[in-house]
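Structure record follows, encoded as structure tokens.
No experiment lies behind these values; they were computed from the predicted model shown.
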Amino acid sequence: MSSLIIRHARLVPVHAGDEVPHEPVDVQVTDGVVTAVGESLERPPGAPEVRADGRWVIPGLWDQHVHLAQWTLSSGRLDLAGARSPEAALAMVAERVADYPDLPVIGWGHRSAGWDRDVTVSELDAVSGETPVVLISGDGHHAWLNTVALLFLAMPVRDSVVREAEWFAAYPRLASLVGNDGTSPEAYRRTLDHAASMGVAGLVDFEFSGGAAEWAERWVEGCDVLRVRMATYAEGLEPVLAHGLRSGDPLRLDLLGAGPVDPRLTMGPLKIISDGSLNTRTAWCCEPYGDAHRLEYPSGQPNLSGAELRDLLRTAHTADLEVATHAIGDAAVAEALASYAETGARGSIEHAQMVNRADVREMARLGIRASVQPAHLLDDRDLTDRIWGERSARCFAFRWMLDDGVALAMGSDAPVSPLDPWLAMAAAVHRSGDEREAWHGEHALTPQEVLSASVDAQPTVGAGSRGDLVLLDADPLPHGSAEEQARQLRDMQVAGTWVAGREVFTTFD
């Protein structure tokens with residue numbers, strides 16, 4: 001591990017009640033841990049010295065929910081976020097096929113729940129010919145494929161989109177269609193470097209494909225930039241159990257003959273996708289959707305039975321694995337919490353997008369974290385009002401969660417939203433991405449509350465805290481209206497990021 005000393009930095013109080021010096025101080029890191037904070041600290045022999053010149057220092061930021069391969073690939077995909085109708089999406093596909101007829105088309109980002117009709121494979125075939133086309137929805141829960149792509153990915157031919165479990169199972173096979181160039185160690189490294197430039201020191205990777213061996217391999221090939229917790233799904237659970245991996249255990253790089261473990265690369269949780277999504281209208285709700293007449297399942301549906309969910313939680317709990325349970329609808333949240341209560345498992349509810357107040361209190365009682373992605377509310381605001389109606393008052397209910405004692409952990413769900421912690425924080429503070437008033441501003445948080453939810457439960461920088469540090473050009477606890485605070489957060493400039501005392505990004509010469 002590296003040693004480091006940062007001179008003349010302003011400490012930022014991360015949690016309510018924290019007190020910090022009024023004047024800038026020095027921060028010393030030794031062997032990956034902050035060992036001293038004070039004035040005119042003695043420089044350890046050979047330690048790099050950074051002159052902060054009064055900049056603000058915070059603990060390293062975390063993104064607690066990333067699909068890293070999909071985010072890495074997204075820059076090369078056809079961006080369909082602006083497609084407001086099936087016809088618009090089809091026109092964009094036709095243009096891409098005309099420009100690059102020999103390359104598969106992988107699209108990302110359309111939100112078909114806002115379209116006025118369902119789509120068909122036939123109409124996609126008509127504009128794509130023999131070019132494989134896979135259009136992944138902006139929530140990642142369904143894909144619109146043409147017939148060539150369905151056959152290539154060994155799926156039954158049909159005239160409708162591929163949803164939920166069938167799509168999740170097919171997704172890893174995309175590599176056979178497009179190759180692995182977009183997820184090479186070099187591509188991952190570029191993604192990780194960019195995250196570091198925004199002050200991200202760690203992330204939880206919920207990618208569908210891969211596993212411990214793949215992460216260990218890319219780690220020794222130059223991807224040892226940030227702290228990474230690697231999640232597994234039920235399909236990859238067997239090798240995790242066979243190697244006795246528990247949440248928090250370092251992954252063994254020497255399994256590949258590449259050296260010892262690295263404490264920055266660890267085993268994360270078991271990920272379970274218990275229901276669907278708002279955009280695909282498969283999130284499992286207590287009441288029907290506003291456009292239920294269009295749906296096969298008017299209230300959405302669970303992806304697995306209560307017995308199956310409890311069996312997975314018991315298996316994970318016995319193996320000392322935390323569980324990250326995706327639950328977006330209020331019925332899914334209630335069922336997940338009942339399963340946690342019955343099995344004694346620990347972990348998080350991922351998304352917790354629509355909740356009942358009683359379930360928030362149960363989450364607090366059980367000690368289950370709410371892993372939330374505030375930037376989703378910017379995209380989902382209008383659709384939520386349209387198809388969930390007055391239930392929108394119970395969506396992204398961050399204020400309830402904090403007031404009732406639920407621990408918040410913030411992330412992006414990239415590529416559903418950008419891997420940008422400052423966008424997430426700004427969304428939680430103002431709850432609007434345009435000129436409109438805050439959407440259910442009663443659930444808005446303060447800059448200090450969102451910062452506290454973004455640092456992986458780390459304290460204000462001090463002796464004994466991790467040597468994961470970020471220097472900022474401005475105070476991350478700005479004053480003014482919520483709108484002004486959100487603007488300053490979105491505009492935040494990072495001057496340097498260090499992970500375990502090791503520089504991973506800097507603007508200093």
Side-chain angles (χ1 to χ4, degrees), residues 66-112 115 119-163 166-194 207-210 214 217-218 221-223 279-280 414-419:
V66 179
H67 300 273
L68 197 56
Q70 293 183 65
W71 176 242
T72 300
L73 283 164
S74 64
S75 61
R77 290 175 170 172
L78 177 62
D79 183 3
L80 296 173
R84 301 301 179 218
S85 67
E87 290 73 23
L90 290 166
M92 295 167 75
V93 170
E95 182 178 1
R96 176 63 69 93
V97 169
D99 290 342
Y100 304 100
D102 298 326
L103 296 177
V105 177
I106 309 298
W108 171 268
H110 65 284
R111 296 189 175 267
S112 57
W115 296 350
V119 299
T120 66
V121 172
S122 304
E123 61 186 328
L124 191 55
D125 287 344
V127 300
S128 58
E130 295 301 311
T131 300
V133 177
V134 180
L135 308 182
I136 306 169
S137 69
D139 58 15
H141 278 250
H142 76 259
W144 181 15
L145 290 76
N146 67 357
T147 299
V148 176
L150 286 168
L151 293 171
F152 197 97
L153 296 179
M155 285 188 285
V157 174
R158 83 290 302 276
D159 206 31
S160 58
V161 301
V162 181
R163 293 182 173 87
E166 186 183 12
W167 168 239
F168 299 146
Y171 179 82
R173 300 200 292 274
L174 270 183
S176 65
L177 183 63
V178 300
N180 289 316
D181 289 346
T183 55
S184 65
E186 293 79 12
Y188 265 81
R189 176 62 188 249
R190 288 192 295 271
T191 297
L192 296 167
D193 286 344
H194 182 67
E207 191 52 66
F208 295 118
S209 57
E214 285 190 10
E217 184 175 3
R218 70 174 65 100
E221 292 183 5
C223 293
N279 179 62
T280 304
V416 181
S417 292
L419 203 171

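Residues S112 and N279 come closest through the heavy atom pair N-OD1, 3.3 Å. The two residues Y188 and A69 come nearest to each other via the heavy atoms OH-CB, 3.2 Å. When all heavy atoms of A170 and M155 are compared, the closest pair comes out as CB-SD, 3.7 Å. Here the closest heavy-atom approach between residue W144 and residue E123 is recorded as CZ2-CG, 3.9 Å. Shown here for F168 and G140, the closest heavy-atom pair between the two residues is CE2-O, 3.5 Å. The two residues A149 and V134 come nearest to each other via the heavy atoms CB-CG2, 3.8 Å.
Classification of R218 and E214 as a salt-bridged pair holds, one side-chain N sitting under 4.0 Å from a carboxylate O.
Using modelled atom types, one side-chain atom of S137 and one backbone atom of H142 make a donor-acceptor pair closer than 3.5 Å. The backbone N or O of P101 lies less than 3.5 Å from a partner atom in the side chain of T131, making a donor-acceptor pair. Between the side chain of D159 and the backbone N or O of V121, at least one donor-acceptor pair lies under 3.5 Å. Looking only at distances, no side-chain donor or acceptor of R77 sits under 3.5 Å from a matching main-chain atom of W108. Counting only distance, with no hydrogens or angles, the side chain of D139 and the backbone of V416 share no donor-acceptor pair below 3.5 Å. Of the possible polar contacts, one joining the E207 side chain to the Q70 backbone as a donor-acceptor pair under 3.5 Å is found.
Contact annotation: the side chain of V157 approaches that of L151 to within less than 4.5 Å [non-hydrogen atoms, C-beta and beyond]. Taking 4.5 Å as the limit, every side-chain heavy atom of V119 sits out of range of all side-chain heavy atoms of L135. In this structure, the side chains of C223 and L192 come closer than 4.5 Å at one or more pairs of heavy atoms. Between L150 and P156 there is no side-chain heavy-atom pair separated by less than 4.5 Å. For the pair L78/V93, a side-chain contact is recorded, criterion being any heavy-atom separation below 4.5 Å from C-beta on.
To the nearest 0.5 Å, the span separating CG on L174 from CZ on F208 amounts to 11.0 Å. Atom CD of residue E95 and atom CG of residue L90 lie 13.0 Å apart, to the nearest 0.5 angstrom. For the atom pair E186 CD and T191 OG1, the distance stands at 12.0 Å (nearest 0.5 Å). Rounding to the nearest 0.5 Å places OH of Y171 at 5.5 Å from CD1 of I136. Taking CZ from R96 and OG from S128, the interatomic distance works out to 14.0 Å, rounded to the nearest 0.5 Å. Note that OG1 of T120 and CG of N146 are 11.5 Å apart. Values are rounded to the nearest 0.5 Å.
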Mind running side chain to side chain contact (heavy atoms under 4.5 Å, CB included) on L177 and I106 for me, showing each step along the way?
CA-CA 10 Å; L177 183 63; I106 309 298; 4.2 Å; yes
Could you please spell out the steps behind the side chain to side chain contact (heavy atoms under 4.5 Å, CB included) verdict for V105 and V97?
CA-CA 7 Å; V105 177; V97 169; 3.9 Å; yes
Kindly indicate, with the supporting measurements, whether the criterion side chain to side chain contact (heavy atoms under 4.5 Å, CB included) is fulfilled by L80 and M92.
CA-CA 8 Å; L80 296 173; M92 295 167 75; 3.8 Å; yes
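The local environment of CD in E221 is crowded, with over 12 non-hydrogen atoms from other residues, nucleotides or ligands closer than 6.0 Å.
The aromatic rings of W115 and H110 lie parallel to each other, with less than 30° between the two planes, well short of the 60° mark.
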